[in-house]
Amino acid sequence: MIELQLTEQVMRQQRVLAVAQSMFLEPVGARSQCLVLLDEARAVFDAPCLIDCAVLLSQIEDQLGDLNQAIRCLTEALVYAEEFKQTQRMPEILEQIGRCYYSQACYPQALEHWQQCAVLCGKQAAFLKTRSLALIGLGQICDAGGDYVLAEQMQRLAHGLLADHADVFLLVKAQINWAVSLKKIGEIAAATALLRDALHQCLQQNLPHYAATSSYRLAEIKLETGDLITAEGLIADGLAIVASTPYHWAEANLLALSAQLIAKKGQPLSALAMIQRGLLIAKTDGLRHLEMRLSEQAERYARSTGQFELADDLARRVNFILLHLNAAMVPNISPNLSGLSELLI
């Protein structure tokens, strides 16, 4: 009986690895397989498998959008980690919970989980990957709170920790986030160089959703600096990627950027149609901060084309989301560095 259980456990682990290998290229199928494995793991109290699947599911839902389900599964995984002596997995689970909350613009909850994660990781070599991911998250929280200098410090440290890491997926994630912070503090050339390198690596290593993100961020810079032809090409490349490999956050942002480009060409009606496509994705996935930004953009196009009733509806939606976000905010959104200062050394 014990041998049979071990054999089944090994087989489940192999299936988990197969899901992990397919999730970036076939996220919908990977989600279905992951949910089946979660049910099987629950039935036999296979804690390592359940934790692996909960983490994988949250990474898949970061592309597809059902983040509430991911949080429920990760919370269950935390219970399993405590109950079945898998406490070494807790930092990884906390980091993923923080990511899910951040994607929903629930910044205080994201901050809480990323701080817990960073403290648990400390400077232990075994947690280098998870510590780096927590630092990336904390940098994004600093950015959301307007402290761009501190955000850049966090992202630079995270990138430095991963510079010699063999995991290209993690390295490009760190590069993209560092580039975003560098752009915010005016280091455009450095940001562009990082993004170009990230895009090259993503295309080489078949990481489509980060390739789409790199294309979006590069197009954003090109649009702002007036290079409309290059921006248009990068947007088209990004949209082609997400057409074959779903990544809703990137798709909505690329559509919004495309709308900006179309509006600059003097075609506000076409720009409005384009932004409404992105707005539908943001609404469906509950990406509230993104929905608010895209609604503001759509309102401008609606007013410029004389569609005042639509513009007023969009303005009311923006105010509603803003009230909701403010209700969830805390006065100081930046991390409490009294517990994290050693991570910046």
Side-chain angles (χ1 to χ4, degrees), residues 19-32 34 56-67 69-70 99-100 102-105 140 168-170 172-173 175-177 179-180 194-223 228-263 270-295 297-298:
V19 172
Q21 290 169 356
S22 69
M23 68 179 179
F24 298 121
L25 298 176
E26 300 175 3
V28 176
R31 174 167 61 186
S32 298
C34 200
L56 279 176
L57 182 66
S58 69
Q59 293 170 343
I60 294 166
E61 294 297 4
D62 194 42
Q63 300 175 64
L64 298 180
D66 191 352
L67 296 165
Q69 173 174 240
R99 174 58 50 198
C100 291
Y102 176 81
S103 296
Q104 295 178 309
Q140 290 174 314
V168 178
F169 168 76
L170 288 179
V172 296
K173 180 184 179 77
Q175 280 183 271
I176 291 167
N177 281 281
V180 171
L194 278 172
L195 288 169
R196 282 177 178 159
D197 184 65
L199 179 57
H200 175 72
Q201 291 190 69
C202 288
L203 293 173
Q204 272 198 331
Q205 300 295 324
N206 206 13
L207 298 171
H209 80 298
Y210 275 162
T213 304
S214 300
S215 294
Y216 159 60
R217 292 300 186 183
L218 277 169
E220 191 177 38
I221 289 173
K222 294 302 179 182
L223 194 59
L228 303 188
I229 294 174
T230 303
E232 188 169 17
L234 287 162
I235 292 167
D237 290 344
L239 287 172
I241 292 168
V242 296
S244 58
T245 305
Y247 184 27
H248 294 176
W249 179 89
E251 184 177 6
N253 275 295
L254 283 161
L255 289 168
L257 211 56
S258 181
Q260 284 184 44
L261 184 62
I262 293 167
S270 297
L272 179 59
M274 184 67 72
I275 195 67
Q276 285 178 315
R277 286 172 56 191
L279 194 50
L280 179 61
I281 294 169
K283 281 182 180 178
T284 302
D285 285 5
L287 302 172
R288 294 174 298 168
H289 196 276
L290 184 57
E291 182 189 350
M292 183 176 72
R293 178 161 58 81
L294 268 58
S295 294
Q297 190 176 341

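Side-chain atoms are counted along with the backbone in the values below, which use heavy atoms only and exclude waters and symmetry mates. Quick note: residue numbers are just sequence positions, from 1.
- Atom CE of M23 and atom CG of L57 lie 10.5 Å apart (nearest 0.5 Å).
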- [ ] Please report the C-alpha distance between L279 and S295 in whole Å, then the side-chain angles of each, then the deciding distance to 0.1 Å, and finally whether the side chain to side chain contact (heavy atoms under 4.5 Å, CB included) criterion is met.
- [x] CA-CA 7 Å; L279 194 50; S295 294; 3.3 Å; yes
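- Sorted pairs that involve residues 236-245 and meet side chain to side chain donor-acceptor pair (under 3.5 Å), not counting sequence neighbours, are lacking altogether.
- Checking H248, E291, E61 one by one against D285, the side chain to side chain contact (heavy atoms under 4.5 Å, CB included) holds for a single residue, H248.
- You'll find the side chain of V172 reaches within 4.5 Å of the side chain of Q175, heavy atoms only.
- The two residues G278 and L294 make their nearest non-hydrogen contact at C-CD2, 3.5 Å.
- The shortest heavy-atom contact between A179 and L195 is CB-CG, 3.6 Å.
- Within the 4.5 Å cutoff, the side chain of L199 has no heavy atoms near those of the Y210 side chain.
- Atom OG1 of T230 is separated from atom CD of E232 by 10.0 Å, given to the nearest 0.5 angstrom.
- Distance CD1/I235 to CD/E220: 10.0 Å, rounded to 0.5 Å.
- Counting heavy atoms from C-beta on, the side chains of Q260 and L257 come closer than 4.5 Å.
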- [ ] Apply side chain to side chain contact (heavy atoms under 4.5 Å, CB included) to the pair I275 and L255, showing each step before the final yes or no.
- [x] CA-CA 6 Å; I275 195 67; L255 289 168; over 6 Å; no
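- A 4.5 Å side-chain heavy-atom check between S214 and I176 finds at least one atom pair inside the cut-off.
- In plain terms, the two heavy atoms of A30 and S22 that are nearest each other are CB-OG, 3.8 Å.
- Here C34 contributes atom SG and L56 contributes atom CG; the two are 5.0 Å apart, rounded to the nearest 0.5 Å.
- Inter-residue side-chain proximity for N177 and Q140 is flagged as met; some heavy-atom pair is nearer than 4.5 Å.
- Within the 3.5 Å criterion, the main-chain N or O of A256 finds a donor-acceptor partner in the side chain of Q297.
- Here the closest heavy-atom approach between residue S58 and residue C100 is recorded as CB-SG, 3.9 Å.
- Put simply, the side chain of S258 never gets that close to the backbone of L254: no donor and acceptor are under 3.5 Å apart.
- For the residue pair K222 and L234, the shortest heavy atom distance occurs at CG-CD1, 4.0 Å.
- In summary, the side chains of R217 and N253 do not present any donor paired with an acceptor at a separation below 3.5 Å, with no hydrogens or angles considered.
- Using a 4.5 Å heavy-atom cutoff, the side chains of Y247 and I241 are not in contact.
- Considering only residues two or more places apart in sequence or on other chains, H289 meets the side chain to side chain donor-acceptor pair (under 3.5 Å) condition with none of them.
- Residues R196 and Q201 have side chains that never bring a donor and an acceptor to within less than 3.5 angstrom of each other.
- In this structure, the separation between CH2 on W249 and CD1 on I281 is 12.5 Å, given to the nearest 0.5 Å.
- Of all the heavy atoms in A212 and A250, the pair that sits closest is CB-CB, 4.2 Å.
- Looking at L223 and L228, their side chains come closer than 4.5 Å, going by heavy atoms from C-beta outward.
- To the nearest 0.5 Å, atoms OG (S32) and CD (E26) are separated by 11.0 Å.
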